[in-house]
Asks: 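Attaching a single structure in structure tokens format; questions to follow.
In what follows, chains are A, B, ... by sequence order, proteins preceding strands, each numbered from 1. Computed over heavy atoms, backbone and side chain alike; hydrogens, waters and symmetry mates excluded. Remember, it's a predicted structure, so these values are computed and weren't measured experimentally.
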Amino acid sequence: MILYQAPRGTTDILPHDQAYWRYVEKEVVNICRLYGYQRIDTPVFEDAGLFVRSIGEETDIVEKETYSFRDRSGDLLTLRPEGTAPVCRAYLEHGMHNLPQPVRLYYITPLFRYERPQAGRYRQHWQFGFEGLGSSDPALDAEVINMACGLYRHLGLRDMVLKLNSIGCRNCRPQYLKSLREYYSRKVHLLCADCKRRLERNALRLLDCKEESCFPLTEQAPKSSEYLCTECKGHFDFLKKYLVILGLEFDLDHRLVRGLDYYTKTVFEIYPPGEKGAQSTVGGGGRYDNLIEEIGGQPTPAVGFATGMERMILNLKRQNISAPTLPQPTAFVAFLGQEAKDKAVAYAAQMRREGISVILASGNRSLKAQLRHANGLGAACAIIIGEEELREGMIVWRDMVKGEQQRLSFEDALSLVRSRESGGES
RNA sequence: GUGAGUGUGGCCAAGUGGUUAAGGCGCCAGGUUGUGGCCCUGGAGAUCGAGGGUUCGAAUCCCUUCACUCACCCCA
């Protein structure tokens, strides 16, 4: 009987799955290099207030999904449920406004949300995200979106759909929210229970409802894009122009609002083809011009994006895209008898000093068993030391792919392996 | 928080009231003297998620509970 298993909503990333993770990570690092984004790592937990302040008290994340606890000194801490607020906190704390603006940062980190797990959704999941801080230029919005789409393209994901909207700023949004509330107030008798609540607390999310009774109403609802102030409208127009220049296709979706309160102007999400269910979003982001001010800094416009590592991998698998295989050991050292084993230990160590990856046979098993093991590991070659070789100061070098072998001195075998390794790379 | 489905050795999985719970993968060991991948043989490994009940008898029926999966809310 198993006494312990991974906590609900968490998962082990086993060796056989690492190829996907390393592949995605490699492309992530590469896209950040291409666009000049620098890595930042922030703590796994933060002062609870940071998230309440930034994400919004009325959001689901803060209301019911955070892992919060008091530490032994009584401080209230929260396991990071999203990546943007901590980056903003670090930007402020380290005076990054003194650096050339905008500052471009990225992170790869686990996040924690207490939710019921399901496909592509975990209580601990990994997100890759990047932020451009300190510029209101719509070209930066376009850059971030281009980067996001570029990442998926580099990974080989096909037919991803970009949805785009602008939800205005604190100057024009109140106006919009007012007409939105007026519109829904007249239809309140048609709304589902959730939406009645949303009308009171967070009217924007009325648009997000997938309830059959509410859905038709959202079609007729006032659109945020029609209420944008001159500045927001100009920003949105420029963004769309840049996206066209970049050759990116996008669907304008006036129902697209994001779950976090800090967004202003640009919001966008990216879906896989044939989206099924609302939780299929692979990545999303937007502009958050007030957030840094909100947590105590100077007004600092910024825009960012985040995408779920698990969801990228899920979609890679759904599209039958395989990850490059990870390197396998080059050599396997087998031996017969204790004296040979002594020699094998020394040889394996010497090969590693030469930078060759080596696995030394375990136990004292038959040669057959040892070679079976070497085969299972995918070793390129085996070095066999038996009594005879021991006597003659030789080893048997066996090519595990061709099945050919020859008797050599250890030094000759070493240079043979070395030449194969460098030759095999090109 | 709500709804649905599923729980049989490490993994997949047959069995739906009746003698020692199939099979496959994987693992281990053999198929003569020191050699892998194919094939053959053998072996280890399961209190049939847990607890209770019905019954002469339960993996199979009932109840409770736990876990997992999928979906909803919401999000990546």
Asks: Using a distance-only criterion (donor-acceptor N/O pair, under 3.5 Å, no hydrogens), is the base of B:U35 paired with the side chain of A:Q405?
Replies: yes
Asks: With distance as the sole criterion, do the side chain of A:N375 and the base of B:G36 form a donor-acceptor contact below 3.5 Å?
Replies: yes
Asks: Assign A:G403 to base, sugar-phosphate, or nothing according to its heavy-atom contacts below 4.0 angstrom with the strands shown.
Replies: base
Asks: Just by distance, no angles: are the side chains of A:Q18 and A:Y20 close enough, under 3.5 Å, to form a donor-acceptor pair?
Replies: no
Asks: Look at the side chain of A:R121 and decide which nucleotide, out of B:C73, B:A29, B:G34, has an atom nearest to it.
Replies: B:C73
Asks: For the residue pair A:F305 and A:F130, does the interplanar ring angle fall in the parallel (under 30°), tilted (30 to 60°) or perpendicular (over 60°) class?
Replies: tilted
Asks: Rounded off to whole Å, could you give me the CZ-to-P distance for the A:F130 and B:A76 pair?
Replies: 14 Å
Asks: Establish whether the base of B:G36 is bridged to the side chain of A:R398 by a donor-acceptor pair shorter than 3.5 Å.
Replies: yes
Asks: If the cut-off is 4.0 Å, is A:R372 near the phosphate of B:C28, judged by side-chain N/O to OP1 or OP2?
Replies: no
Asks: Using a heavy-atom cut-off of 4.0 Å across all strands, would you classify A:I384 as base, sugar-phosphate, or nothing?
Replies: base
Asks: Between A:Y262 and A:Y288, does the ring centre distance come in under 6.0 Å?
Replies: yes
Asks: B:C70 C1' sits how many Å from A:R116 CZ, rounded?
Replies: 11 Å
Asks: Between A:Q127 and A:T109, is there a side-chain donor-acceptor contact under 3.5 Å, judged purely by atom types and distance?
Replies: no
Asks: Checking all strands, does A:A369 fall into the base, sugar-phosphate, or nothing category for heavy-atom contacts under 4.0 angstrom?
Replies: sugar-phosphate
Asks: Starting at atom CD of A:E387, determine the distance to atom P of B:G34, rounded to an integer number of angstrom.
Replies: 8 Å
Asks: A:Y122 near the nucleic acid: base, sugar-phosphate alone, or nothing, with a heavy-atom cut-off under 4.0 Å?
Replies: base
Asks: Going by purine N1 to pyrimidine N3 plus the second Watson-Crick contact, or the G-U wobble pair, all under 3.5 Å, which nucleotide sits opposite B:U33?
Replies: none
Asks: Ring centres within less than 5.5 Å and planes less than 30° apart: is that true of A:H125 and B:A76 in this structure?
Replies: yes
Asks: Should B:G18 form a Watson-Crick or G-U wobble pair with both distances under 3.5 Å, which nucleotide is its partner?
Replies: B:C56
Asks: Check every atom of B:U69, B:C72, B:G36 against the side chain of A:P117 and return the nucleotide holding the closest atom.
Replies: B:U69
Asks: If we take the C1' atom in both B:G26 and B:U69, what is their distance in whole Å?
Replies: 24 Å
Asks: Which base, if any, makes a Watson-Crick or G-U wobble pair with B:G43, both distances under 3.5 Å?
Replies: B:C27
Asks: Where the side chain of A:R258 meets the backbone of A:Y263, is there a donor-acceptor pair that is under 3.5 Å apart?
Replies: no
Asks: Expressed as a whole number of angstroms, how long is the span from A:Q118:CD to B:G5:P?
Replies: 17 Å
Asks: Take atom C1' in B:U41 and the same atom in B:A46, then report the distance between them in whole Å.
Replies: 24 Å
Asks: To the nearest 0.5 Å, tell me how far A:T59 OG1 sits from A:L260 CG.
Replies: 6.5 Å
Asks: Looking only at side-chain atoms of A:K368, point me to the closest of B:C73, B:U35, B:A76.
Replies: B:U35
Asks: What distance, rounded to whole Å, do you find between the two P atoms, one in B:A14 and one in B:G43?
Replies: 25 Å
Asks: Is the distance between the ring centroids of A:F128 and A:Y107 less than 6.0 Å?
Replies: no
Asks: Can you tell me the base-pairing partner of B:U64? Count Watson-Crick or G-U wobble geometry only, both distances below 3.5 Å, and say none if there is no partner.
Replies: B:A50
Asks: Between B:A76, B:C70, B:G36, which one does the side chain of A:M400 approach most closely?
Replies: B:G36
Asks: Which whole number of Å gives the distance between the P atom of B:C72 and that of B:U64?
Replies: 27 Å
Asks: Under a plain distance cut-off of 3.5 Å, with no hydrogens placed, do A:Y35 and A:N146 share a side-chain donor-acceptor pair?
Replies: yes
Asks: Which value, in whole Å, describes the distance between the C1' atoms of nucleotides B:G17 and B:G23?
Replies: 23 Å
Asks: For the side chain of A:L260, starting at C-beta, report the closest nucleotide among B:A71, B:A76, B:U35.
Replies: B:A76
Asks: Is any side-chain nitrogen or oxygen of A:Q370 closer than 4.0 Å to OP1 or OP2 of B:U35?
Replies: no
Asks: When the nearest nucleotide of RNA chain B is assigned to A:Y114 and to A:A306 on a heavy-atom basis, which residue is associated with the more 5' position?
Replies: A:Y114
Asks: At under 4.0 Å between heavy atoms, what does A:V401 touch on the DNA or RNA strands: base, sugar-phosphate, or nothing?
Replies: base
Asks: Rounding to the closest angstrom, what is the interatomic distance between B:G57 and B:U20 at atom P?
Replies: 15 Å
Asks: I need the CZ-C1' distance between A:R407 and B:U35, as an integer number of Å.
Replies: 13 Å
Asks: Provide the distance between the two P atoms, one in B:A50 and one in B:A4, to the nearest whole Å.
Replies: 24 Å
Asks: Please tell me if A:R365 has a side-chain N or O lying less than 4.0 Å from either OP1 or OP2 of B:A29.
Replies: yes
Asks: Tell me: OH of A:Y4 to P of B:A50, nearest whole Å?
Replies: 18 Å
Asks: Atom CG of A:D399 and atom P of B:G36: how far apart are they, to the nearest Å?
Replies: 15 Å
Asks: By the 4.0 Å heavy-atom rule, please label A:E115 as base, sugar-phosphate, or nothing.
Replies: base
Asks: Side chain of A:Q127 only, please: which of B:C68, B:A76, B:C70 is the nearest?
Replies: B:A76
Asks: Under a 3.5 Å cut-off for both distances, is B:C72 Watson-Crick or wobble paired, and to whom?
Replies: B:G1
Asks: Calculate the interatomic distance between A:F335 atom CZ and B:G34 atom C1'; express it in whole Å.
Replies: 13 Å
Asks: Reading RNA chain B from 5' onward, which residue's closest nucleotide shows up sooner: A:V257 or A:Q5?
Replies: A:Q5
Asks: Pick the P atom in B:G24 and in B:A44, then give their distance to the nearest Å.
Replies: 15 Å
Asks: Reckon A:E82 touches a base, only the sugar-phosphate, or nothing at all at heavy-atom distances under 4.0 Å?
Replies: nothing
Asks: Can you find an N or O donor on one side and an acceptor on the other, under 3.5 Å apart, linking the side chain of A:E389 with the base of B:G34?
Replies: yes
Asks: In this structure, is the centre-to-centre distance between the rings of A:F45 and A:F112 below 6.0 Å?
Replies: no
